[in-house]
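Worksheet: one structure, shown below.
Each chain gets a letter, A, B and so on, in the order its sequence line appears, and its residues count up from 1.
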Amino acid sequence: MDFDEKVWALCRRIPRGKVTTYKEIALALGTKAYRRVGQALKRNPDAPHAPCHRVVASDGSLGGYCGKMNSWKKIALLRKEGVEVRKGKIEEFEKKTVISFSSSSS
DNA sequence: CGCTTGACACCGT
DNA sequence: AACGGTGCCAAGC
């Protein structure tokens, strides 16, 4: 289980309608390399299996996974999940940011 | 081995 | 509030 794999694993653990920050993920893995998390998702070999779009920046913004592209389709998808996005920012971000989504399931 | 870069984060101005 | 600079950890050149 590499660091990156853990990241994708966490992403898949994120409940629908909720999001998490790179920071929390990194800390959850026991590190301070927020950037490593982002790169891990970027390299994401399991893209369709890892809802990286549920991972946002600490500001509540989409970050860079699509916020700079015209791939706002993902944003629309987030809204369908229950995550309201305003101008590229998460509504009620602080309330949707799930931290200890942990591995209690299964 | 050392410098630079990177889907970030935080403090200071 | 927006912009700039610095810190974090790892990978690439």
Closest approach of A:V98 to A:T20 (non-hydrogen atoms, all atoms of both residues) | O-OG1, 3.3 Å
Correct closest heavy-atom pair for A:K96 and A:G82 would be NZ-O, 2.7 Å
Taken to the nearest whole Å, NZ/A:K42 to C1'/B:dC8 is 13 Å
Would you say A:T97's side chain and A:F93's backbone share a donor-acceptor pair under 3.5 angstrom?
-> yes
To the nearest angstrom, how far is A:F3 atom CZ from B:dA7 atom P?
-> 15 Å
Report, as a single string ordered 5' to 3', how protein heavy atoms within less than 4.0 Å touch nucleotides 6-11 of chain C: B base, S sugar-phosphate only, - not at all.
-> -BBBSS
Check the distance between B:dA7's P and A:I25's CD1 and give it to me in whole angstrom.
-> 16 Å
Between B:dC10 atom C1' and A:Y22 atom OH, what is the distance in whole Å?
-> 17 Å
What residues, two or more places apart in sequence or in another chain, satisfy side chain to side chain contact (heavy atoms under 4.5 Å, CB included) together with A:E94?
-> none
ILVMFWY cluster membership beyond A:Y34 - transitive side-chain contacts under 4.5 angstrom = A:L27
Taking A:R54 for its side chain and A:I14 for its backbone only, find out whether a donor-acceptor pair lies under 3.5 Å.
-> yes
